[in-house]
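To start, the structure under review is shown below, and the notes come after it.
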Amino acid sequence: MITGAEALMRSLQNEGVTTIFGYPGGAIMPVYDALYDYTRGEKQAFNHILVRHEQSAAHAAEGYARVSGEVGVCLVTSGPGVTNTLTGVADAMMDSTPIVVIAGQVGIGALGTDAFQEVDLVGLAQPISKWSYQIRHAEDVAWAVSRAFYIARSGRPGPVVLDFPKNAQVHTTEWKPVHNDFVRSYVPYPAISEEAVAQAAALINSARKPLALVGQGVELANANEELVAFLEKGDIPAARTMLGLSALPSDHPLNVGMLGMHGSYAPNVKEQEADVIIAIGMRFSDRVTGRTDTYARQAKIIHLDIDRAEINKNVKAHVAVIGDCKESLPAITKLLEKNNHQEWRDSFLPLAAKEWEKVIRPAIHPADGPLLMAEVINKVAEATQGEAILVTDVGQNQMFSCRYFKFRHRRSLASSGGLGTMGYAIPAAIGATFGAPDRTVCMFCGDGGFQMSIQELGTIMEQQRPVKMIMLNNNYLGNVRQWQDMFFDRRKSFTRMLNPSYQKIASGYNIPYRLVVDRAELDAAVSEMLATDGPFLLECAVREEDNVLPMTPPGKSVDEMLLEM
């Protein structure tokens, strides 16, 4: 007979968990007491990372999951502990990131009495998670944990929340391991329709101007090789969503750039010319489509997705291939004719050249003036040669980073896409260093997002995580400031920031630091950062009113991108 808390430890072991991000508190103390023995001595099974804020536990679990392909795990207490975590749960739900959150709760006898640090966690988490469940009895622990991991990692991944009342933690039960790979009415991997596959292949074979839109679903399905085989046989140019950037190497000849509001000029314009669009593991976000009533009206849409709910949600599909794209892509590829679309692909080149001259070249090779965000990111990208993992915060730093960083390997990006969570970068980067310990992790953020999770410098200090932090400091909430300039008559309402001395803050956490103001020092600073063992904070004083371009203004069609303001 063992306690429910001990059963949790054994159940996590059964799921292959090695890393836990967490923060203790009253309602989860029995679990932390059991965890004590599992982090040292003969029983040692877990590496527990003490974060400095519960929201960071969830984001760190996300960063871990994004780069490793495993389920991230975080452990928090009840009440404010878990409500702090829910932002990360919502973020994981929007971006299909598999994490399991285990939260303490008051005993079931006190539920509904407004007991100290009691919240209705199941009710709060239900709309923003794949599954939320309250473990009311010790004998249910093994079953609930196994089910949680199965739901989190299978099909379209996502977050699961387990509410763990104190009585279930301390009561005893007979231990019996459980393996759960079936949930009634839950079909994570739909059977792929042969008819839909044949229809898709026929449309692609007859297309003169096909265009593939590659989303994160390719990464989640581990279908990167299948994607390349599909594209190369059909000679199909491919644009990537922000979260799908590392699904296809940046230098692949069929890669034509990034989709979206601040994406590459050529693919956004060419979406309005393509006669067949093949959307693979992407959800037609409003940031990708612009105005849906004018979006790709001329094209036949083929939508490959594992989640039936995404079909026809935002853009009507002419052919829907529902299922895992690791299976659906090769099924379609098998029916493709070897094709050549050289003329169509060449038509992207003048548009790319126009963007290079008007936007990219001036951004990465400025003649004079203050440092620019794009040139800093480009320098780091050149120095890491596509080998590093990119972690971004949200805002201009995110858009510039995704535009100018380079990728050679899969699972090389962690960024908050759907929810757009400022403060994501530092904890997600910490998680990424545990999820991919042999790779360099480069984290870009603005001065605003940096201060939203600045306390996690304590976690970096304690764990000596080798996060290469590049802060692009423009003394503004830059993205909001850009919109105020463009759409609110330059009325900068509360977007300018008074910043602290980041040198003193870095010194307080014993983190190596360097400030770059003059671009003549940039190469040496980037080299110093990358050569330093452990963490490093590189602060770059960039132009205060730099703008992310191109841009599709809200309410406009994707081909109405602005190359200048």
Side-chain angles (χ1 to χ4, degrees), residues 90-97 127-128 130 155-158 190 193 196 199-200 203-204 207 209-221 227 236 238-245 247 256-264 267-325 328-329 394 398-399 402 415-421 550-561:
D91 192 278
M93 189 67 176
M94 289 285 279
D95 289 349
S96 303
T97 306
I128 56 171
K130 278 190 77 175
R156 181 179 182 174
S193 164
Q199 289 175 350
L203 273 179
I204 297 168
K209 298 180 178 181
L211 177 63
L213 313 182
V214 178
Q216 188 193 197
V218 172
E219 296 261 58
L220 298 175
L227 171 69
I236 301 168
R240 304 155 298 160
T241 67
M242 189 186 81
L243 293 185
L245 283 174
V256 293
M258 184 174 82
L259 294 164
M261 177 178 280
H262 291 294
S264 305
N268 279 280
V269 170
K270 288 296 183 176
E271 281 182 285
Q272 301 296 71
E273 292 183 34
D275 57 1
V276 173
I277 286 177
I278 310 105
I280 310 166
M282 54 88 72
R283 58 190 178 87
F284 287 109
S285 159
D286 58 295
R287 289 297 173 102
V288 166
T289 63
R291 284 181 56 180
T292 54
D293 63 329
T294 60
Y295 177 74
R297 306 299 291 179
Q298 79 294 337
K300 299 289 186 183
I301 306 290
I302 301 168
H303 196 171
L304 282 65
D305 207 285
I306 200 168
D307 187 353
R308 189 182 299 272
E310 291 298 340
I311 306 300
N312 299 327
K313 186 176 80 175
N314 296 324
V315 172
K316 182 173 175 56
H318 296 82
V319 177
V321 184
I322 302 168
D324 190 337
C325 64
S328 59
L329 274 174
V394 168
Q398 179 184 40
M399 295 296 100
C402 290
S415 187
S416 175
L419 199 63
T421 307
M551 180 180 184
T552 302
K556 298 292 186 178
S557 299
V558 289
D559 57 344
E560 296 182 274
M561 291 195 88

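For the single chain, residues carry numbers from 1 onward in sequence order.
Formation of a donor-acceptor pair under 3.5 Å by the Thr289 side chain with backbone atoms of Thr292 is not found in this model. With hydrogens and angles disregarded, no donor-acceptor distance shorter than 3.5 Å links the side chain of Asp95 to the backbone of Thr97. Under the 3.5 Å distance criterion, the side-chain polar atoms of Glu219 are left unmatched by any main-chain donor or acceptor of Gly244. No donor-acceptor pair under 3.5 Å is formed between the side chain of His303 and the backbone N or O of Ile277. Remark: the backbone N or O of Ser416 is paired with a side-chain donor or acceptor of Gln398 at under 3.5 angstrom. Between the side chain of Asn314 and the main chain of Arg283, a donor-acceptor pair closer than 3.5 Å is present. For the pair Asp275 (side chain) and Lys209 (backbone), a donor-acceptor distance under 3.5 Å is present.
The side chain to side chain contact (heavy atoms under 4.5 Å, CB included) check on Gln199 picks up Glu195, Val319, with sequence neighbours excluded. Ser557 meets the side chain to side chain contact (heavy atoms under 4.5 Å, CB included) test with Gln272, Arg291, Thr294, Asp559, Glu560; sequence neighbours excluded.
The structure places CD of Glu273 at 8.0 Å from CD of Gln298, a figure rounded to the nearest 0.5 Å. Atom CD1 of Ile301 sits about 10.5 Å away from atom CG of Leu203, to the nearest 0.5 Å. A distance of 13.5 Å separates CZ of Arg240 from CE of Met282, quoted to the nearest 0.5 Å. From Asp305, atom CG reaches atom CG of Asp324 across 10.5 Å, with rounding to the nearest 0.5 Å. Rounded to the nearest 0.5 angstrom, Ser96 OG and Leu243 CG are separated by 9.0 Å. Here Gln216 contributes atom CD and Arg156 contributes atom CZ; the two are 9.0 Å apart, rounded to the nearest 0.5 Å.
Closest non-hydrogen pair, Ala317 versus Asn312, comes out as N-OD1, 2.7 Å. Smallest separation of non-hydrogen atoms from Cys325 and Gly217: SG-O, 3.8 Å. In terms of heavy atoms, Ile236 sits closest to Ala212 at CG2-N, 3.7 Å. Lys313 and Ala309 make their closest contact through CB-O, 3.6 Å (heavy atoms, listed as atom of the first residue, atom of the second, distance). Nearest approach of Gly263 to Asn268, heavy atoms of both residues: C-ND2, 3.8 Å. Closest heavy-atom contact between Gly323 and Ser328: O-OG, 4.5 Å.
Of the residues listed (Leu259, Ile280, Ile302, Ile278), the one engaging Leu213 in a side-chain contact (heavy atoms from CB on, under 4.5 Å) is Leu259, and it is the only one.
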Checking Ser264 against Val256 for the side chain to side chain contact (heavy atoms under 4.5 Å, CB included) test, could you report, in this order, the C-alpha distance in whole Å, the side-chain angles of both residues, the deciding distance, and whether it holds? CA-CA 8 Å; Ser264 305; Val256 293; over 6 Å; no
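Between Leu211 and Glu271, the closest side-chain pair of non-hydrogen atoms falls below 4.5 Å.
Residue Lys316 places its NZ atom among 12 or fewer non-hydrogen atoms of other residues, nucleotides or ligands, all under 6.0 Å distant.
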